[in-house]
Amino acid sequence: MSRIVIQSPDVRYYDDMIESDYEYSSVKCKRDERTGTIKVYPMKTVVTFRTERKVPKTGVMLVGWGGNNGSTVTGAILANTHAMHWTTKEGTVRANYFGSITQSSTVLLGTDPSGKDVYIPMKDMIPMVNPNDLVVDGWDISGVSIAEAMKRAKVLDYNLQTQLIPLMQDMRPRKAIFDSDFIAANQSQRADNVIESRDKWTQISLIREDIRDFKAKHSLDSVVVLWTANTERFMDVMDGIHDSADSLMNAIKRNEAELAPSLLYAVAAILEKCTYINGSPQNTFVAGLVELAEREGVFIAGDDFKSGQTKFKSVLVDFLVSAGIKPCSIVSYNHLGNNDGYNLSAPKQFRSKEISKSNVVDDMVASNQILYGEGIEKPDHCVVIKYVPYVADSKRAMDEYVSELMLGGRNTIVVHNTCEDSLLASPIILDLVILAELCQRVTFQIHNCVSSSTGFQSFNSVLSLLSYLCKAPLVERGGRVVNALFKQRAAIENVLRALLSLPPVNHMDLEFKCSDRSQWHEELRHPITTEKKLEKTQPIAPISNGITGGH
């Protein structure tokens with residue numbers, strides 16, 4: 001592990017925090033329809049970030065702990081904690097966190113004196129939770145031990161399971177909320193560990209008690225609640241029930257029927273001041289729940305883990321559209337045999353998944369009016385999911401991309417992807433928890449010489465920063481939905497860099513593009529702020545965001 005220390009007047013290290021001054025640059029545009037011109041305003045805003053250095057003792061409560069993902073992520077943490085290794089027919093395998101961007105990817109810091117790139121593990125940029133230190137608990141409608149759940153899932157190698165069983169056989173999920181109206185009927189046979197009460201407010205109260213018990217039992221500083229249970233059908237969103245925080249709370253107390261279990265878990269987590277992450281595609285985050293999270297100052301994020309086919313699609317379509325090639329037809333076929341596939345064989349649950357997988361190309365299509373006009377035209381996009389028990393957790397995904405080339409030409413790309421579903425999803429679960437916890441330790445002050453408010457604030461309750469990990473990213477009110485994978489990854493990297501007052505990597509390499517390199521001059525930048533206050537005569541970001549009448 002390499003420890004980095006920023007040598008800059010804009011970064012200050014204290015015992016309890018890292019403080020950085022950061023100049024955020026953006027571009028605002030205003031279209032003049034009368035003249036057909038676009039007026040462009042380069043903008044800058046100065047922000048001071050504070051990141052708490054002490055990493056709290058963190059727990060994660062998984063809804064669906066006894067499922068494939070829950071048992072796999074638990075096994076992964078234990079295998080890494082105990083440095084396990086085991087023999088397969090290919091040889092010896094050692095525990096790792098491959099597939100996790102925080103644990104197994106690197107970030108470009110800059111260049112060394114010889115011009116060579118210097119990379120560092122993402123986890124070493126800023127103090128983050130070590131996944132080995134996470135404490136895991138949760139709920140499941142099936143009451144078998146997590147060891148039995150692991151054996152039932154058939155995800156982990158047998159020689160690894162034999163080492164994990166003694167550590168997992170006493171782990172049992174807490175009783176879960178079960179509503180057969182929201183998941184497929186074929187799941188009822190597993191439901192032997194459910195909360196008996198059918199009163200929704202009572203159910204929330206019991207979940208809240210579980211969270212408090214877990215936190216106290218392990219002396220935890222922070223708890224993240226994450227849904228990794230079966231996909232629910234979409235709720236029928238109605239005024240007076242889902243439209244505001246007050247309506248939602250009153251509807252729960254009236255025991256209204258159209259309130260999904262995932263919504264009830266989210267309310268319980270929010271009321272307990274715990275970040276809630278939705279790892280399935282159902283419409284848990286109705287307007288009333290988002291408002292409740294904002295009112296309570298709690299983070300929420302989702303929807304649906306982005307693991308295999310959708311992640312690849314968000315790369316390929318971005319490449320095609322950016323290259324000026326016009327995707328006209330995208331057909332995605334999947335078959336899998338785990339319990340997720342069994343649940344998705346029901347039409348209403350499949351519809352939830354279909355929506356989350358289908359919307360992934362929308363922002364990329366809208367970005368190119370040369371290919372698609374003013375966003376009216378879209379590619380034909382079809383998603384199919386079939387349940388094939390024999391393939392178990394080894395999911396097959398087949399995609400056909402048909403695109404239009406110059407002068408009416410056609411280009412067809414066909415992709416076949418075989419992946420182990422839970423071994424892709426489990427690192428995503430860890431990243432979601434680790435990055436969400438980090439966001440809880442960050443506050444920032446926006447320097448604005450017009451505004452009288454100078455206090456520090458937290459991130460918005462909706463953590464769109466986690467979009468890289470989600471199929472259908474939830475974004476802030478008025479925020480942009482971004483599905484292009486490289487943009488999502490850049491957002492995470494650049495926020496981490498901002499916490500250290502490092503500029504975004506622009507990949508210009510301008511110093512190497514000089515015909516006479518002897519002319520190149522570099523110097524350590526001057527402090528962004530003067531005594532942490534802006535010069536009153538030089539406003540950085542007008543309250544109008546730089547777009548003022550007539551300018």
Side-chain angles (χ1 to χ4, degrees), residues 4 6-13 17-30 38-52 107-110 122 125-126 299 363 435 438-468 473 475-482 484 486-508 510 523-548 551:
I4 64 172
I6 309 300
Q7 304 295 304
S8 167
D10 296 321
V11 180
R12 296 166 292 280
Y13 290 91
M17 75 172 73
I18 302 171
E19 187 173 81
S20 70
D21 298 323
Y22 182 74
E23 187 173 273
Y24 175 73
S25 298
S26 62
V27 176
K28 302 298 181 186
C29 301
K30 187 175 182 181
I38 300 174
K39 295 181 179 180
V40 181
Y41 303 83
M43 306 298 297
K44 59 180 179 179
T45 302
V46 173
V47 180
T48 296
F49 287 99
R50 287 178 178 172
T51 307
E52 293 178 16
V107 173
L108 176 62
L109 274 182
M122 183 181 286
M125 288 190 73
I126 287 285
F299 291 140
D363 62 309
L435 291 173
L438 171 61
C439 289
Q440 293 175 170
R441 288 184 281 120
V442 175
T443 56
F444 55 94
Q445 178 187 35
I446 301 168
H447 295 275
N448 190 325
C449 55
V450 177
S451 173
S452 59
S453 175
T454 58
F456 279 78
Q457 59 178 286
S458 63
F459 286 119
N460 187 283
S461 287
V462 177
L463 284 180
S464 64
L465 185 65
L466 306 184
S467 294
Y468 176 89
V475 302
E476 310 86 349
R477 300 173 194 266
R480 296 181 302 131
V481 178
V482 175
F486 294 128
K487 293 180 182 178
Q488 294 172 337
R489 162 78 188 216
I492 295 173
E493 281 194 30
N494 288 333
V495 166
L496 295 178
R497 294 177 71 87
L499 300 182
L500 298 171
S501 193
L502 298 177
V505 176
N506 56 39
H507 300 293
M508 290 174 66
L510 197 57
E523 61 182 17
L524 192 64
R525 65 187 299 170
H526 299 294
I528 294 173
T529 60
T530 303
E531 296 180 355
K532 297 196 291 184
K533 293 182 180 179
L534 296 182
E535 296 290 345
K536 291 294 183 182
T537 57
Q538 297 180 4
I540 299 297
I543 200 166
S544 59
N545 286 327
I547 303 178
T548 55
H551 296 286

Point to revise | Pairwise distance OG(Ser458) to CG(Leu463) - rounded to 0.5 angstrom | key: 9.0 Å
Practice item. Compare all side-chain heavy atoms of Ser20 with those of Val47 and state whether any distance is below 4.5 angstrom. Key: no
**Study point:** Results of side-chain hydrogen bond (donor to acceptor under 3.5 Å, both in side chains) for Arg497 - residues two or more places apart only
**Key:** none
**Study point:** Donor-acceptor contact present, side-chain Tyr22 to main-chain Thr45, <3.5 Å
**Key:** no
Practice item. Determine yes or no for a side-chain-to-main-chain donor-acceptor pair under 3.5 angstrom, with Ser26 supplying the side chain and Pro42 the backbone. Key: no
Check your understanding: In chain order, what residues pass the side-chain hydrogen bond (donor to acceptor under 3.5 Å, both in side chains) check against Ser461, with sequence neighbours excluded?
Key -> none
**Study point:** Gap separating the CZ atom of Arg441 from the CG atom of Leu499, nearest 0.5 angstrom
**Key:** 10.0 Å
Exercise for review: Answer whether the closest heavy-atom distance between the side chains of Phe49 and Glu19 falls below 4.5 Å.
Suggested key: no
Practice item. Report yes if the side chains of Leu500 and Ile4 come closer than 4.5 Å at any heavy-atom pair, otherwise no. Key: yes
**Study point:** Steps toward side chain to side chain contact (heavy atoms under 4.5 Å, CB included) verdict (Leu109, Leu502)
**Key:** CA-CA 9 Å; Leu109 274 182; Leu502 298 177; 4.2 Å; yes
**Study point:** Leu465 and Cys439, any side-chain heavy atoms less than 4.5 Å apart
**Key:** yes
Point to revise | Pair Val107-Met125, side chain to side chain contact (heavy atoms under 4.5 Å, CB included): steps then yes or no | key: CA-CA 8 Å; Val107 173; Met125 288 190 73; 3.7 Å; yes
Review point. Closest heavy-atom contact between Val11 and Ser501?
Key: CG2-CB, 3.6 Å
Practice item. Verify the neighbour count for atom CZ of Phe486: are there more than 12 heavy atoms of other residues, nucleotides or ligands below 6.0 Å? Key: no
Review point. How far does CD of Gln440 sit from CD of Glu52, to the nearest 0.5 angstrom?
Key: 10.0 Å
Practice item. Might you work through the side chain to side chain contact (heavy atoms under 4.5 Å, CB included) test for Lys28 and Val40, ending with a clear yes or no? Key: CA-CA 6 Å; Lys28 302 298 181 186; Val40 181; over 6 Å; no
Exercise for review: Would you check if there is a donor-acceptor pair between the side chains of Thr48 and Asp21 at a distance under 3.5 Å?
Suggested key: yes
**Study point:** Ser467 and Gln488: side chain donor to acceptor below 3.5 Å
**Key:** no
Check your understanding: With sequence neighbours excluded, what pairs up with Arg489 under the side-chain hydrogen bond (donor to acceptor under 3.5 Å, both in side chains) test?
Key -> Ser105, Glu493
Point to revise | Contact check, side chains of Met122 and Ile492, non-hydrogen atoms, under 4.5 Å | key: yes
Exercise for review: Using a 4.5 Å cut-off on heavy atoms from C-beta on, say whether the side chain of Thr51 contacts that of Leu438.
Suggested key: yes
Revision key, fill the gap. Rounded to the nearest 0.5 Å, the SG atom of Cys29 sits from the NZ atom of Lys39 at a distance of 12.5 Å
Exercise for review: Taking all non-hydrogen atoms of both residues into account, name the closest pair between Gln7 and Leu524 and its distance.
Suggested key: O-CD1, 3.5 Å
Check your understanding: Is it true that Phe459 and Phe444 have ring centroids separated by less than 6.0 Å?
Key -> yes
Check your understanding: Sub-3.5 Å donor-acceptor pair from the side chain of Asn460 to the main-chain atoms of Glu476, do we have one?
Key -> no
